[in-house]
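Here is the structure we will look at.
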Amino acid sequence: MSELTDTNALDWQPVRPELTTGVSGKLLRDGATRIVLTRVVPGGCFPPHRDKYGHLFHFLSGTGEALIEEERIAVGPGICLQIAAGELHGYENNGQEDLLLISVNLAAE
């Protein structure tokens with residue numbers, strides 16, 4: 001079934017506020033594969049953690065740094081990271097503008 005979503009009409013909602021600082025999202029798809037348009041304000045972060053599912057992060061704008069296990073990676077427009085289930089990961093906005101990304105939660109295989 002086709003569906004059209006005007007993301008401008010969706011409100012930004014806090015993403016895991018018990019863990020994050022300055023991270024909000026607009027839910028685009030829920031279910032086994034969850035897709036969220038994610039915004040991280042300058043200085044905001046999703047601290048290092050592990051999940052039982054994998055992720056795909058596609059960065060759209062802004063600048064920041066991601067952590068995958070012990071590796072730190074500069075992120076910005078066009079960078080796409082895939083994180084396996086159970087891997088330590090996180091990201092932060094170290095720039096002067098919002099860091100925007102598409103976050104896809106991948107069901108464990």
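Here the structure is a predicted model, which is why all the values come from computation and not from measurement.
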Below 4.5 Å, heavy atoms only, C-beta onward: do Phe46 and Arg16 meet side chain to side chain? yes
Spatial distance of atom CG (Leu60) from atom CG (Leu99) [nearest 0.5 Å]: 9.0 Å
Quick one: does Asn93's side chain have a donor or acceptor within less than 3.5 Å of a partner on Gly95's backbone? yes
Determine yes or no for a side-chain-to-main-chain donor-acceptor pair under 3.5 angstrom, with Asp6 supplying the side chain and Asn8 the backbone. yes
Taking every heavy atom of Val15 against every heavy atom of Gly25, the minimum-distance pair comes out as CG2-N, 3.4 Å
Is the shortest heavy-atom distance from the side chain of Asp98 to the side chain of Pro42 under 4.5 Å? yes
Can you give me the closest heavy-atom contact between Pro77 and Gly62, atom names plus distance? CD-O, 3.3 Å
Do Ile102 and Leu28 have side-chain heavy atoms sitting under 4.5 Å apart? yes
With the side chain counted from C-beta on, respond yes when Asn94 and Thr63 share a heavy-atom pair under 4.5 Å apart, and no when they do not. yes
Is the count of non-hydrogen atoms from other residues, nucleotides or ligands lying under 6.0 Å from Glu18 atom CD greater than 12? yes
Side chains of Leu101 and Phe59: does their closest heavy-atom pair fall under 4.5 Å? yes
Treating Lys26 as the side-chain partner and Leu10 as the backbone partner, does any N or O pair qualify as donor plus acceptor under 3.5 Å? yes
Linking I/L/V/M/F/W/Y whenever their side-chain heavy atoms sit closer than 4.5 Å, directly or via other members, would Leu37 and Val40 fall into one cluster? no
Flag the pair Leu81 / Leu56 as yes when at least one side-chain heavy-atom distance between them is below 4.5 Å, and no otherwise. no
Ignoring hydrogens, what is the shortest heavy-atom contact between Ile73 and Ile68? Give both atom names and the distance. CD1-CD1, 3.9 Å
Taking C-beta and beyond as the side chain, do His49 and Leu19 meet within less than 4.5 Å on heavy atoms? yes
Using every non-hydrogen atom in the two residues, find where Val23 and Cys45 come nearest and quote the distance to one decimal. CG2-O, 3.4 Å
Return yes if some donor-acceptor pair links the side-chain N/O of His58 with the main-chain N/O of Ser103 below 3.5 Å, else return no. no
Run the side chain to side chain contact (heavy atoms under 4.5 Å, CB included) check on Leu27 and Arg34 step by step: do they pass? CA-CA 8 Å; Leu27 183 63; Arg34 182 180 175 95; 3.7 Å; yes
How about CD on Glu69, more than 12 heavy atoms from neighbouring residues, nucleotides or ligands closer than 6.0 Å, or not? yes
Among the clusters formed by ILVMFWY side chains lying less than 4.5 Å apart, do Leu100 and Val104 turn up in the same one? yes
Do Gln82 and Leu106 have side chains that approach each other closer than 4.5 Å (heavy atoms only, starting at C-beta)? yes
Can you sort out the partners of Phe57 under ring pair (Phe, Tyr, Trp, His ring centres under 6.0 Å), two or more places apart, ordered by chain and number? His55, Tyr91
Please report the interatomic distance CD(Glu92) to CD(Glu65), rounded to the nearest 0.5 Å. 5.5 Å
So, the side chain of Arg50 versus the backbone of Gly86: is there a donor-acceptor pair under 3.5 Å, distance only? yes
Once you round to the nearest 0.5 Å, how far does CD of Glu71 lie from CD of Glu87? 10.0 Å
List for me each residue that meets salt bridge (Lys or Arg N to Asp or Glu O under 4.0 Å) alongside Asp11, sequence neighbours excluded, and say none if there are none. none
